[in-house]
Amino acid sequence: MASRILVGTRKGTFVVDKTGGSWRAQAAGHAGMGVSFVARDPYTGRLWALLGHGHWGAKLSISDDEGATWADAPAQIKYPEGARYIGQDMYADDASDFGIGWRISTRPATLAKLWVIAFGPGGRIHVGTIPGGLFVSRDAGASFELNRPLWNHESRGGDLFAGEGKGETKWFGTPASEGEFAPGIHSIVIDPRHPSRMLVAVSTAGVIETRDGGQTWHSANKGMLLEHTPEPEAEWGHDPHYIEQCEGDPDHVWQQNHTGIYYSADAARSWRKVSVPEQGVHFGFPITADAKNGRTAWVVPGRSDQQRTAIDGRLFVARTDDGGQTWKALRRGLPQECAYDVVYRHALANKEGVVAFGSTTGNLYVSDDGGESWTTVGNNLPPIYSVRFA
Amino acid sequence: MVTVHLTRHLFSFFPRLEGKEIAVEASTAFEVVQALERTAPGIGFYICDERGRLRTHVNVFVDKQMIRDRRGLSDAVGPGSEVHIFQALSGG
């Protein structure tokens with residue numbers, strides 16, 4: 001059974017171990033630093049942390065001694081010379097009915113945020129960034145390169161290295177970019193059967209697939225619904241909050257989207273909405289898929305996009321075991337009054353029957369029985385950004 | 001030689017620089033950063049972004065004057081200049 005969890009927080013990295021039958025957290029480096037994501041490369045055993053220094057930029061950090069010591073990775077993520085993107089800035093516009101306007105311009109790309117890291121066989125490491133970059137290493141992190149076919153994709157205006165492109169983008173921004181309203185890649189899913197097939201998810205554009213190792217990309221948003229817009233079945237403009245596949249049955253892919261929960265049983269060729277709003281199972285950020293049973297997944301629902309808190313002050317996890325046809329609310333051991341936690345997209349995970357999640361309120365909970373009952377690991381951690389099993 | 005004073009904050013990332021007197025050959029603030037990079041590989045990317053622009057929340061002073069060219073750090077430094085590199089007091 002899983003016995004170690006890596007936690008990235010606003011104020012450092014924590015390692016949570018199960019010892020003597022209980023889970024205990026301890027600080028494991030990066031004191032005072034923002035840690036967007038921390039995970040183990042299962043192929044090398046190395047720990048990788050994605051840091052967001054407020055003043056000094058985003059950095060990759062590595063540890064080969066289980067977090068006892070960390071060092072900046074020898075190769076840092078940098079956008080290459082000439083990398084540009086079409087960005088949008090909001091500005092005050094008294095002439096507008098809404099008081100704001102959007103200014104579109106093509107601008108040089110510099111690293112704003114390291115958001116997610118994923119590991120593949122053969123020394124492959126993928127890092128998703130803001131603004132909207134997928135960086136790939138083929139040498140276990142000794143070097144990284146921007147995936148240009150995705151960067152230059154027609155959906156975001158074409159090749160801006162070569163010229164001015166189409167001058168318009170269908171990739172929009174995310175508040176997670178911490179400043180500028182730029183797009184970000186937060187989910188990277190590698191098909192274990194064919195590692196050249198990958199899905200990435202972008203806030204805000206949608207899910208994008210490659211079947212040839214990143215040489216070509218196409219949208220994978222069929223069945224997604226952009227409700228309350230003039231074009232509900234648009235190819236682009238979707239806001240996946242997170243996607244995860246069943247590792248043992250990768251045709252089953254789960255998506256927590258801004259507009260609800262979606263499930264695919266055909267490797268993201270089509271999606272089906274499986275939200276049950278009347279049960280509160282609809283809005284949220286994270287989702288995690290069981291590694292064996294593709295029909296099992298967990299979410300931590302929140303109250304609508306306007307509020308983004310636990311519903312009615314009562315925190316719960318919801319699990320489905322039938323592909324989203326029914327959901328079970330799991331509350332035992334979780335606070336059922338005055339709880340206003342929000343759980344970020346990378347802060348829910350499961351492994352071998354153990355489920356864990358952490359909130360921006362600094363609460364960390366673990367269940368050893370698939371979510372049926374929960375124990376509190378800590379109530380006073382820094383705001384939690386990521387929870388991953390080591 | 002130009003004397004460089006770094007915020008203590010940077011010593012947590014580059015501990016070997018702590019307590020050392022840092023003197024470099026340079027004629028611009030940009031060359032100061034280049035010289036620092038040779039001394040402590042990686043530090044340049046803490047001070048500037050990948051386009052060579054001074055990071056938003058970092059300030060560089062040459063002889064107590066904040067540099068004017070944050071995009072290219074072309075501000076001149078002379079023999080005997082003192083350069084301070086600080087984090088801006090941003091946040092709360």
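By convention in this document, chain letters (A, B, ...) are assigned in the order of the sequence lines, proteins followed by strands, and residues within each chain are numbered from 1. The shown structure was predicted, so the numbers you read here are calculated from the model rather than taken from an experiment.
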(request) Work out which heavy atom in A:Met33 is nearest to a heavy atom in B:Phe13; give both atom names and the distance. (result) CE-CE2, 3.4 Å
(message) Is A:Ala71 close to chain B through its backbone or its side chain, or both, or neither, when contacts mean heavy atoms under 4.5 Å?
(response) neither
(message) Is it the case that atom CG in A:Asp65 sees more than 12 heavy atoms from other parts of the structure closer than 6.0 Å?
(response) yes
(message) Would A:Lys59 and B:Tyr46 count as a cation-pi pair here, with the cationic atom under 6.0 angstrom from the ring centre and within 45° of the axis?
(response) yes
(message) How long is the straight-line distance from NE2 of A:His55 back to CZ of B:Arg55, given to the nearest 0.5 Å?
(response) 12.0 Å
(request) With a 4.5 angstrom heavy-atom cut-off, could you sort out which part of A:Ala75 is near chain B: side chain, backbone, both or neither? (result) neither
(message) Need one label for A:Pro80: side chain, backbone, both or neither, based on atoms under 4.5 Å from any heavy atom in chain B.
(response) backbone
(message) Can you confirm whether more than 12 heavy atoms, excluding those of A:Phe119, are under 6.0 Å from its CZ atom?
(response) yes
(message) Determine whether the aromatic ring centres of residues B:His57 and A:Trp56 are separated by less than 6.0 angstrom.
(response) no
(message) Would you say CZ of A:Arg107 has more than 12 non-hydrogen atoms from neighbouring residues, nucleotides or ligands within 6.0 angstrom?
(response) yes
(message) Has B:Arg51 got a side-chain atom pairing as donor or acceptor with A:Tyr79's backbone, closer than 3.5 angstrom?
(response) yes
(message) Counting only heavy atoms not in A:Arg308 (residues, nucleotides, ligands), do more than 12 fall under 6.0 Å from its CZ?
(response) yes
(request) Measure distances from A:Ile77 to the heavy atoms of chain B and classify the residue's part below 4.5 Å as side chain, backbone, both or neither. (result) backbone
(message) Measuring only between side-chain heavy atoms, which start at C-beta, is A:Gln76 closer than 4.5 Å to B:Glu50?
(response) no
